[in-house]
Structures are given as C-alpha cells and as structure tokens.
Amino acid sequence: MPNPAERLVDLLDLERIETNIFRGRSPDESLQRVFGGQVAGQALVAAGRTTDGKRPVHSLHAYFLRPGTPGVPIVYQVERVRDGRSFTTRRVVAVQQGRTIFNLTASFHQPEPGFEHQVPMPDVPEPESLPRLGDAIRERLGELPEALRRMEQRQAFDIRYVEPLRWTAEELAGAEPRSGVWMRAMGPLGDDPLVHTCALTYASDMTLLDAVRIPVEPLWGPRGFDMASLDHAMWFHQPFRADEWFLYQQESPIATGGRGLARGQIFHRGGALLVSVMQEGLFRPHRRSAAES
C-alpha cells in the first residue's frame with residue numbers, strides 16, 4: 001500500500017481528457033463532503049498544466065459553491081484568460097455530476113528584482129519537541145475513536161500543534177482566536193515545484209478555521225457547529241517544499257453573522273515567510289433532533 005504522501009501525489013495527478021479539461025479522483029472516505037483542500041489543490045494542478053511551467057503561481061482566489069460528493073470524479077475546465085509578458089492568468093471551474101461546485105482564478109509570475117522586507121517568524125518550540133496530533137489526542141482520550149483512527153491512517157501531513165489542545169470549558173476560558181501548527185508531508189513528494197505548491201494548498205485548508213473555533217469549543221471531540229469553507233485566497237511569496245517542516249500561524253480577526261474570517265502565515269523553519277492565506281468559513285449551530293429536545 002502506498003504511504004499517505006504517495007496517495008496525495010496520486011490524488012493530484014489529474015487525467016487530461018481534453019486540451020483544457022482534466023478529471024480528478026475523489027476518494028470515497030465516509031465524509032459528508034469532499035475536502036475543500038483537495039478541490040483547491042486539484043484545480044491549481046489543472047491551471048498549472050495549461051502553462052509553460054516557467055512561471056510559478058503567485059496567487060489564487062477561490063470560492064466553494066456547493067459541497068462535493070465523495071467517490072465521484074470531478075472535472076476541471078480551464079479557461080486561458082491571459083498569457084502576458086509578465087503574468088499568466090487561468091480560471092478553473094470544477095464540475096461534479098453536472099453542477100459547478102468550485103471556481104478558482106490563479107495568477108502566475110516569474111519573480112523579478114526588487115526591495116524586500118517581511119514580518120519575523122514567531123518564536124515557537126521546534127516541531128521535533130512536539131507530539132504528533134494523534135499522540136496528543138491519545139494522551140487525553142487514552143485511545144482514538146474509530147473516526148479519528150481512520151483519519152490518522154490516511155492523513156497526508158504530520159501535524160503538531162504549537163500549544164497544548166484545549167478540551168474543557170475551563171481550558172477554553174480566555175483563549176484567544178489563534179492557533180499555530182507545524183506541518184510537513186508524511187513522505188517525499190518528488191521534485192516538481194507545482195506538486196509542492198498544490199500539496200501545500202491542500203494542507204492550507206486543514207486547520208485554518210481552527211482559529212475561529214478556539215474561543216468557543218474544543219478542536220477535537222463533538223462539534224457544536226456545522227462548518228464549511230466559503231472562499232480561500234493564497235499568496236505565494238517564495239519557493240518551498242511541502243515535505244519539509246513549515247510553521248502555519250493562524251488567527252481570526254472576527255466572527256459574526258454566522259461566518260468567521262481566518263488568516264494565516266506560513267513560514268519556513270528558517271524564518272522565511274513563504275505563503276499568506278485568507279479564508280472565510282460558515283458556522284451554523286447543530287440543530288437538535290426531536291428526540292434530543
């Protein structure tokens with residue numbers, strides 16, 4: 001059996017069925033909906049494969065329009081919006097069962113000489129000193145529930161929270177809406193820069209909305225809210241490898257109207273700011289059934 005990193009590379013390896021049309025697999029994984037990071041990563045692969053490969057992607061803006069159905073292939077239709085002297089622009093529409101579920105616009109640009117500055121990376125513990133996510137949950141629960149055990153087996157990224165997970169109302173009291181995690185792919189991803197960019201795009205949707213929930217409920221355990229990503233934006237500043245440790249700092253400046261906004265910064269462990277991320281999510285309280293009320 002391939003390891004989770006190999007499965008991720010395979011998931012991002014789309015089938016070209018026409019010049020500007022690609023088809024991606026959607027694993028049947030007992031989920032309510034297709035993971036948003038998968039759709040964003042596959043859409044970016046489709047966009048990148050219609051360029052000459054000489055210009056790396058520098059930004060993407062995307063909307064999640066409908067939940068995708070696990071186990072059903074997704075077709076990605078690419079529009080070649082512009083091939084300019086400095087920038088290349090692509091628009092991608094993801095279609096499943098005849099309905100548009102997602103769209104993305106990506107811009108590609110070869111870096112040019114210019115002035116530089118960046119914010120410093122936060123001072124946090126090194127990833128090797130922190131427990132893996134599954135081990136941190138086991139430490140509290142003793143044994144992983146079946147759903148979390150299946151998730152751990154297929155998880156393509158090693159995730160390690162910078163701060164201990166909070167489990168009780170007392171631990172949540174006064175918690176600020178921010179979170180930090182170290183992440184890296186569970187194995188080598190090869191040397192194609194587009195694969196690393198799309199793998200990190202996949203990973204960027206895994207924990208970003210944590211920051212919105214932290215003041216309200218524990219990150220692991222029964223949820224009081226239905227959550228869904230509404231949109232996603234990323235700016236890629238410098239080259240990176242998604243199979244090397246990166247720090248993902250996340251915070252939520254506001255939650256209101258049933259929506260929460262989160263922003264993230266992704267740093268190389270050496271301190272370089274690699275990627276900036278923004279996302280808004282929908283948060284709806286679970287409706288109790290008549291039997292529960």
Visitor: Return the minimal non-hydrogen interatomic distance between P27 and Q38, and the atom names on each side.
Guide: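 Looking at all heavy atoms of both residues, the closest pair is CD-OE1, 3.5 Å.
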Visitor: Does any non-hydrogen side-chain atom of W245 lie less than 4.5 Å from one of E126?
Guide: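 No, their side chains stay 4.5 Å or more apart.
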Visitor: Are L133 and W182 co-members of a hydrophobic cluster defined by side-chain heavy atoms under 4.5 Å apart?
Guide: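 In one cluster with W182: L133, no.
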Visitor: How would you list all residue pairs meeting ring-ring contact (aromatic ring centres under 6.0 Å, His included) that involve residues 189-209, not counting sequence neighbours?
Guide: F35-Y202
Visitor: List the steps and the verdict of salt bridge (charged side-chain N to carboxylate O under 4.0 Å, His left out) for R49 and D13.
Guide: CA-CA 10 Å; R49 287 191 177 173; D13 187 18; 3.0 Å; yes
Visitor: In Å, rounded to the nearest 0.5 Å, how long is the span from CD of Q265 to CE of M121?
Guide: 11.5 Å
Visitor: Side-chain contact, heavy-atom cut-off 4.5 Å: I214 with S179?
Guide: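 Side-chain contact under 4.5 Å: yes.
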Visitor: For Y161 and D210, what are the C-alpha separation, side-chain angles and deciding distance, and is it a side-chain contact (heavy atoms from CB on, under 4.5 Å)?
Guide: CA-CA 11 Å; Y161 280 81; D210 283 358; 2.6 Å; yes
Visitor: Does the pair R7/D10 count as a salt bridge with the N-to-O cut at 4.0 Å?
Guide: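 No.
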Visitor: Under a 3.5 Å distance rule, please check whether T51 uses its side chain to pair with a backbone N or O of G53 as donor and acceptor.
Guide: yes
Visitor: Is it the case that one hydrophobic cluster holds both V195 and V45, taking links as side-chain heavy atoms less than 4.5 Å apart, direct or via other members?
Guide: no
Visitor: Roughly how far, to the nearest 0.5 Å, is the CD atom of Q238 from the CD1 atom of I266?
Guide: 12.5 Å
Visitor: If you look only at distance, which donor and acceptor atoms sit under 3.5 Å apart when one is on a side chain in residues 58-76 and the other is two or more places apart or in another chain?
Guide:
from	atom 1	to	atom 2	distance (Å)
H58	NE2	S107	OG	2.7
R66	NH1	T100	O	2.7
Y76	OH	Q42	OE1	2.5

Visitor: Determine whether a donor-acceptor pair (N or O, by modelled atom type, separation under 3.5 Å) exists between the side chain of R160 and the backbone of P127.
Guide: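 Flag set: sc R160 to bb P127 pair under 3.5 Å.
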Visitor: Is the shortest side-chain heavy-atom distance between F267 and V119 below 4.5 Å?
Guide: yes
Visitor: Enter the distance from R166:CZ to R213:CZ here, rounded to the nearest 0.5 Å.
Guide: 13.0 Å
Visitor: Please tell me if the side chains of L104 and H232 come closer than 4.5 Å, counting only heavy atoms from C-beta onward.
Guide: no
Visitor: Report the distance from atom CG of L247 to atom CG of L273, rounding to the nearest 0.5 Å.
Guide: 10.5 Å
Visitor: How many angstroms lie between CG in D231 and CG in N103, if you round to the nearest 0.5 Å?
Guide: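 It is 10.5 Å, given to the nearest 0.5 Å.
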Visitor: Any heavy-atom pair between the side chains of P56 and P111 that's under 4.5 Å?
Guide: yes
Visitor: Shortest non-hydrogen contact from V57 to F236?
Guide: O-CB, 3.6 Å
Visitor: Write down the atom of L282, the atom of G258, and the distance for their closest heavy-atom approach.
Guide: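 Scanning both residues, the minimum pair turns out to be CD1-O, 3.4 Å.
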Visitor: Less than 4.5 Å apart, any side-chain heavy atom of R80 and any of R90?
Guide: yes
Visitor: Under 4.0 Å between a Lys/Arg side-chain N and an Asp/Glu carboxylate O for R269 and E128?
Guide: yes
Visitor: Drop me the distance from R284's CZ to R259's CZ, to the nearest 0.5 angstrom.
Guide: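 That separation rounds to 11.0 Å.
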Visitor: Would you call F246 and L200 a side-chain contact if the rule is heavy atoms closer than 4.5 Å?
Guide: yes
Visitor: Could you tabulate the donor-acceptor pairs under 3.5 Å formed by side-chain atoms of residues 184-194, not counting sequence neighbours?
Guide:
from	atom 1	to	atom 2	distance (Å)
D191	OD1	R241	NH1	3.1
D192	OD1	L194	N	3.0

Visitor: Testing the basics here: between R55 and D52, what is the closest heavy-atom pair and its distance to 0.1 Å?
Guide: N-OD1, 4.0 Å
Visitor: Hey, does the side chain of Q279 reach the backbone of S204 with a donor-acceptor pair shorter than 3.5 angstrom?
Guide: no
Visitor: Please find the pair of heavy atoms, one from G260 and one from L209, that lie closest to each other, and give the distance.
Guide: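 Distance-wise, the nearest heavy atoms are O-CD2, 4.3 Å.
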Visitor: Closer than 4.0 angstrom, basic N to acidic O: yes or no for E79 and R91?
Guide: yes
Visitor: Can you find a side-chain donor-acceptor pair between S276 and H237 that sits under 3.5 Å?
Guide: yes
Visitor: Could you report the tightest heavy-atom contact between V212 and S252, atom names first, then the distance?
Guide: CG2-OG, 3.5 Å
Visitor: Counting distance only, does the side-chain N/O of Q250 pair as donor-acceptor with the main-chain N or O of L208 below 3.5 Å?
Guide: yes
Visitor: Can you confirm whether I159 sits close enough to Y248 that some side-chain heavy atom of one is under 4.5 Å from a side-chain heavy atom of the other?
Guide: no
Visitor: Are there over 12 heavy-atom neighbours, none belonging to R99, within less than 6.0 Å of that residue's CZ?
Guide: no
